[in-house]
Amino acid sequence: MLNPPIASPQNLRVLLADLQSMRVSGGGQSAPRKARPFVTISRVPGARYTELAQALADRLNQLDRDETPWTVWDRQVLEKVAADRHLSTEVIDSLEESSQSWLVNLFAGLPGHSGSIDPDAVFKSVAHTVTALAQVGRTIIVGYGGVLLTRRLGGVHVCPVAAPEDRVKWLAESERLDLVEAARQLEELDQKRLDFIRRYWPRESLGPAHFTLTVNMSDLSVQTAADIISQLVLMRRS
């Protein structure tokens, strides 16, 4: 799988300092600071979301020059939360891929923790980080329920989709799998994603109305999709 874009160490330090200094709103209240542009991209398996996030960051940095560049937060969310809670990134990553019972078993097997880690508390840290990143602005947040966590903060929320056969093909290419195994894994990933939403948003049925834009990656190139999204981001700022 392609690695997500990583901001320079200097830019990351600036963003992290911002995160440490801000108070994140909760309980349905509005953000305490003026809304800043940000994007969430749903992590739809096999729909080229990683490539799209990279291309979008590149395009926005070409069109929207500022002292603070646009950055993508995917694995970087895990790294920050893992560092804050002294956990491995694999533990945090499992939040979006596993059921509660599997998570409890995983946490129970961690050295030195003896099952004392509460997965819901870990998710709360993830939610805090994602919300703060949206408030910092000029961020592209991939996955972790970003569209649901930040919907009251504005932003542009994107759901990439693709034909089933294309999703299988692209997953096979990115993970170096044969098509049969890719199809099996795709079905499993879709179910885990659904379980994640049901676990933390039991009253929600995630659908098109949650997103600002749905892009069909079977019909659009990654660059074309990034161009469309970037124009929407800039238009909503004006």
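A distance-only check finds no donor-acceptor pair linking the side chain of Thr150 to the backbone of Ala134 [under 3.5 Å]. At distances below 3.5 Å, not a single donor-acceptor pair connects side-chain atoms of Ser218 with backbone N or O atoms of Ala162. Between the side chain of Thr131 and the main chain of His128, no donor-acceptor pair closer than 3.5 Å is present.
Smallest separation of non-hydrogen atoms from Arg65 and Arg138: C-NH2, 4.3 Å. Nearest heavy-atom pair, Trp201 versus Phe196, reported as atom, atom and distance to 0.1 Å: CZ3-CE2, 3.8 Å. Residues Gly46 and Leu186 share a closest heavy-atom pair of N-CD1, 4.5 Å. Summarising the geometry of Arg36 relative to Gly137, their closest heavy-atom pair is CB-CA, 3.8 Å, with the distance given to 0.1 Å. Across all their heavy atoms, Glu51 and Val222 have their closest contact at O-CG1, 3.6 Å. When all heavy atoms of Pro160 and Tyr49 are compared, the closest pair comes out as CG-CB, 4.1 Å.
Cluster membership check: Val130 does not share its hydrophobic cluster with Val44, using side-chain heavy-atom separations under 4.5 Å among Ile, Leu, Val, Met, Phe, Trp and Tyr. Using a 4.5 Å cut-off between side-chain heavy atoms of Ile, Leu, Val, Met, Phe, Trp and Tyr, with links allowed through other members, Met217 and Leu232 fall into the same hydrophobic cluster. Hydrophobic clustering, with ILVMFWY side chains joined whenever heavy atoms are under 4.5 angstrom apart, keeps Val180 apart from Val168. Ile41 and Leu220 fall within the same hydrophobic cluster, defined by Ile, Leu, Val, Met, Phe, Trp and Tyr side-chain heavy atoms under 4.5 Å apart, directly or through other members. Residues Leu213 and Trp70 share a single hydrophobic cluster, defined by chaining ILVMFWY side chains whose heavy atoms lie under 4.5 Å apart.
Contact check for Ile229 versus Leu52: side-chain heavy atoms found under the 4.5 Å cut-off. Residues His157 and His210 are not in side-chain contact: their nearest non-hydrogen atoms beyond the backbone lie 4.5 Å or more apart. Looking at Arg236 and Thr212, their side chains come closer than 4.5 Å, going by heavy atoms from C-beta outward. Counting heavy atoms from C-beta outward, Thr129 and Trp73 have side chains that stay 4.5 Å or more apart.
Summarising the local packing, CD of Glu187 is surrounded by 12 or fewer heavy atoms from other residues, nucleotides or ligands at distances under 6.0 Å.
A distance of 10.5 Å separates CZ of Arg43 from CG of Leu189, quoted to the nearest 0.5 Å. Distance CD/Gln231 to CG/Leu60: 9.0 Å, rounded to 0.5 Å. Separation of atoms CZ (Arg198) and OG (Ser205) is listed at 8.5 Å; rounding is to 0.5 Å.
Just one of Val147, Val156, Val158, Ile140 meets the side-chain contact (heavy atoms from CB on, under 4.5 Å) condition when paired with Thr40; it is Val147.
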Please step through side-chain contact (heavy atoms from CB on, under 4.5 Å) for the pair Arg59 and Val233, ending with a clear verdict.
-> CA-CA 11 Å; Arg59 188 59 177 149; Val233 171; over 6 Å; no
Determine, stepwise, if the pair Arg48 / Asp166 fulfils salt bridge (Lys or Arg N to Asp or Glu O under 4.0 Å).
-> CA-CA 10 Å; Arg48 309 183 77 177; Asp166 288 333; over 6 Å; no
Between Ile197 and Leu148, is a side-chain contact (heavy atoms from CB on, under 4.5 Å) present by the stated rule, with each step listed?
-> CA-CA 9 Å; Ile197 298 297; Leu148 293 170; 4.1 Å; yes
Residues Glu188, Lys192; criterion salt bridge (Lys or Arg N to Asp or Glu O under 4.0 Å); working and verdict | CA-CA 6 Å; Glu188 184 177 293; Lys192 288 177 177 178; 3.1 Å; yes
What do the steps show when you test Gln62 against Asp58 for side chain to side chain donor-acceptor pair (under 3.5 Å), and what is the final call?
-> CA-CA 6 Å; Gln62 291 173 356; Asp58 291 343; over 6 Å; no
Could you please spell out the steps behind the side-chain contact (heavy atoms from CB on, under 4.5 Å) verdict for Phe38 and Leu153?
-> CA-CA 9 Å; Phe38 70 93; Leu153 303 178; 4.0 Å; yes
Show your reasoning for whether side-chain contact (heavy atoms from CB on, under 4.5 Å) applies to Ile141 and Leu149.
-> CA-CA 11 Å; Ile141 303 163; Leu149 289 169; over 6 Å; no
